[in-house]
Structure formats: C-alpha cells, structure tokens
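Quick one: structure below, then a few questions.
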Amino acid sequence: MTDLDHDIKTMIIEELELEDITIEDIDTEAPLFGDGLGLDSIDALEIGLALQKRFNVKIDANSEQNKEHFRSVASLRDFVLAQQA
Amino acid sequence: MHVWVSQLHAWAPGLETQADWQGFSLETLPSGDDKPAAQGVPAMTRRRLTRWGRQAMEVAEPLVPALAAGTPVIFSSRHGDTARTFKLLQDLARGEPLSPNAFSLSVHNSALGLFTILKDIHAPSLALAAGADTLAAAWQEACSWLASGSESVLLVHTDEPLHEFYQPFTDERDMPAAAAMLLSRTPQEGGRCLSLTMSGAQTPRTDVSMLASFLAGWFADAATITYTSNRHQWCWARVLTDA
C-alpha cells in the first residue's frame with residue numbers, strides 16, 4: 001500500500017464517517033460502490049468534494065470516465081497521480 | 001380531546017430505561033455527548049445521522065411493530081439540527097462547497113424521511129416546528145388526525161440544544177432528548193388517557209423546555225403537566241377512565 005493509498009483510505013473513512021471501519025478493512029483493489037464497501041451516490045459526491053479539497057484534483061462532473069476513476073482506491077490513486085502530473 | 005398514549009419511549013444521555021427515567025429530575029438536566037445506539041438503523045445509514053436524528057430513530061424503533069398500516073407519522077423538533085445548519089452556513093460564508101450529505105439531511109423533515117424510507121411507511125407524514133410550543137403543536141396535529149378518522153398516530157419529538165454559536169438566543173433550559181409515543185382515540189390496554197388544553201399565558205414562562213417538562217410529569221405519573229410559553233399556557237390533564 002502506497003502512502004497515497006493510505007491517505008485516500010483515511011479520507012474516505014473520515015469524510016464518510018464510516019463507523020467501525022479501519023484502513024485495513026478497505027481493500028485497495030475492491031469496488032467502493034455497490035458490492036465492495038457498499039457506498040452510494042451521495043458518497044460519490046462526498047468523495048469528489050474531498051478529492052478537490054485534499055488533493056486539489058478537478059473533477060469534470062459530466063465526464064464518462066468518472067465511473068472508472070471512482071471504481072476503487074487504486075483507481076482513485078491513479079486518477080490523483082495523473083491529475084498531479 | 002381524550003387521547004390514549006399506549007406506549008412511550010424516551011432517550012436522553014444517561015436516561016435509557018424506564019428505571020433511569022424514574023429518577024429524572026428537572027433540577028439537573030442531562031447533557032454530554034453520549035449518543036444512542038440506534039440499532040434499528042443500518043450502519044451505512046446511521047453514520048450519516050447526528051445525535052438529533054439518531055435519538056429520534058432510537059425512540060421510534062420500539063413502536064414500529066405496533067404501527068398499523070396507514071398510521072400517520074409526525075416528527076417534531078423545536079430547533080432542528082442547528083449544529084449541522086451552522087456548519088453548512090459557515091462553509092457557504094467561506095465560499096467553500098457544501099457537503100452533499102450534510103446538505104441532503106439539513107431539512108427539518110430529514111429524520112422523518114429516513115425513518116419512513118427505512119420502515120417502508122407509506123402513510124401521511126409531517127415534520128413540524130412551532131417554537132417553544134412545538135411539542136403541544138405536534139400533539140394538536142395528532143389530535144386533528146385522530147378527529148378526522150385515524151385510529152392512531154405516531155408522534156416523535158427530538159430536541160438538540162442550540163449550537164454554541166446560537167447559545168445567546170437560548171430562552172430556556174433544555175437537553176438533548178427524544179420521545180416517541182403512540183396516540184390513539186380509543187381506549188388502549190395499559191394506556192394512559194390525557195387531554196391537552198390551551199389558554200392565554202397568565203403565569204411567567206416555564207424556564208425548562210416543554211419536552212423536559214412533559215417527560216418529568218409523565219414519568220412522575222403527574223395528574224397534570226403544565227407548560228407556559230410566551231403566548232400560551234398548556235396543560236395535559238390525566239383523564240381517569242374505566243378502561
């Protein structure tokens with residue numbers, strides 16, 4: 001797990017107030033929405049906002065690629081790295 | 001109007017069981033940051049609730065099995081969730097984006113909405129605020145439903161003291177607490193029959209919140225419970241019936 005993975009997991013737990021969930025509980029590669037962690041559309045908006053605040057990442061609300069970026073912690077990390085590059 | 005209260009559940013920090021409430025005194029009101037477990041709410045939903053909403057769910061939950069289809073639901077609160085509102089207003093003032101979760105739950109009927117979704121309730125529902133008179137206004141609203149044909153009404157009241165920023169506007173002693181009761185227009189086994197009347201305020205206003213006053217009287221099994229706001233004097237009188 002990279003430092004960035006760690007930071008993204010911390011962000012998800014804090015911003016979404018995931019009671020009883022620790023960083024170890026979140027699988028870097030597992031889906032965040034639906035089956036995996038079970039997050040929903042409001043969580044997606046909350047994560048989008050947090051990414052802007054914490055990582056200065058800009059998200060195009062109409063982009064078709066958002067679904068792929070938001071798939072897992074790993075895809076969020078790649079997205080943040082690509083934006084920061 | 002005679003109203004039978006067949007069940008009443010209340011929660012406040014440190015006051016969870018009937019026995020706890022027997023020791024409740026208006027001298028020292030409960031405070032602190034304790035939250036109820038609200039086990040009836042799925043964890044993924046519960047995380048989004050502040051104490052204001054959690055305590056409403058906590059007290060309403062035990063009454064769910066007793067709800068007949070079509071039972072109207074009333075949620076009332078004097079101030080609503082001002083800590084949540086304050087945070088949103090602060091973000092707006094700083095030009096920062098609002099939390100989608102906080103925004104979606106910032107309306108007065110948010111706890112009611114979540115409750116009816118979680119419990120799959122399709123009956124009429126209403127969220128109400130009426131200043132210091134809120135609990136009595138909710139009771140009267142319930143009476144109007146009962147008078148127009150409903151057999152029973154679920155009344156849930158939840159109070160959270162004003163956020164620190166608004167404390168200078170506090171005009172009575174209050175406490176974080178919620179109470180849920182099932183009100184019926186016909187005699188209920190084990191129920192208590194009460195009648196609420198209103199008159200012009202002739203005595204100085206009560207220094208402690210209406211919910212606290214009501215719960216103190218309820219658990220002391222008082223013959224009457226009175227509360228005076230700036231405008232009205234309210235009195236719940238115990239009605240002795242054969243039932």
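Per chain, numbering begins at 1; letters A, B, ... match sequence-line order.
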- Message: Quick check: closest heavy atoms across B:S104 and A:I42, and the distance to 0.1 Å?
- Response: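 Closest heavy-atom pair between B:S104 and A:I42: OG-CD1, 3.9 Å.
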- Item | B:Q18 atom CD, over 12 foreign heavy atoms within 6.0 Å |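 Counting neighbours around CD of B:Q18, 12 or fewer heavy atoms of other residues, nucleotides or ligands fall under 6.0 Å, so no.
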- Task: Check each atom of A:I21 against the heavy atoms of chain B and say whether the ones under 4.5 Å are side chain, backbone, both or neither.
- Result: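 Neither part; nothing is under 4.5 Å.
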- Task: Please flag which part of B:S99 lies under 4.5 Å from any non-hydrogen atom of chain A: side chain, backbone, both or neither.
- Result: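 It is both, since atoms from each part get that close.
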- Got more than 12 heavy atoms from elsewhere within 6.0 Å of OH, B:Y166?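 Result for OH/B:Y166: enclosed.
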- Message: Please identify, among A:L45, A:D20, A:D43, the residue contributing the most non-hydrogen atom pairs under 4.5 Å to chain B.
- Response: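 The residue among A:L45, A:D20, A:D43 with the greatest pair count is A:D43.
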- Task: Might you confirm whether atom CD of A:E64 has over 12 heavy atoms from other residues, nucleotides or ligands at distances under 6.0 Å?
- Result: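 Atom CD in A:E64 is not crowded, with 12 or fewer foreign heavy atoms closer than 6.0 Å.
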- Item | Side chain, backbone, both or neither of A:L37 within contact of chain B (heavy atoms, under 4.5 Å) |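 Contact with chain B is through the backbone of A:L37 alone.
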- Message: Assess the residue pair A:D40 and B:R48 against the criterion (salt bridge (Lys or Arg N to Asp or Glu O under 4.0 Å)); give the C-alpha distance rounded to whole Å, side-chain angles, the decisive distance to 0.1 Å, and a yes or no.
- Response: CA-CA 12 Å; A:D40 63 19; B:R48 294 190 165 141; 2.7 Å; yes
- Task: Assess whether atom CG of A:D60 is packed by more than 12 heavy atoms of other residues, nucleotides or ligands within 6.0 Å.
- Result: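 Enclosed: over 12 neighbouring heavy atoms sit under 6.0 Å from CG of A:D60.
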- Query: If you count the non-hydrogen atoms of other residues, nucleotides and ligands that lie under 6.0 Å from CD in B:E27, is the total more than 12?
  - Reply: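 Atom CD in B:E27 is not packed in, count stays at 12 or less.
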- Message: Can you tell me if B:K119 has over 12 outside heavy atoms packed within less than 6.0 Å of its NZ?
- Response: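 Count over threshold, so yes.
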- Query: For A:E17 and B:R47, which heavy atoms make the closest approach, and how far apart are they?
  - Reply: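 Shortest heavy-atom contact: O-CB, 3.0 Å.
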- Query: Is a donor on one side and an acceptor on the other found under 3.5 Å between the side chain of A:E46 and the backbone of B:N101?
  - Reply: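 A pair under 3.5 Å: yes.
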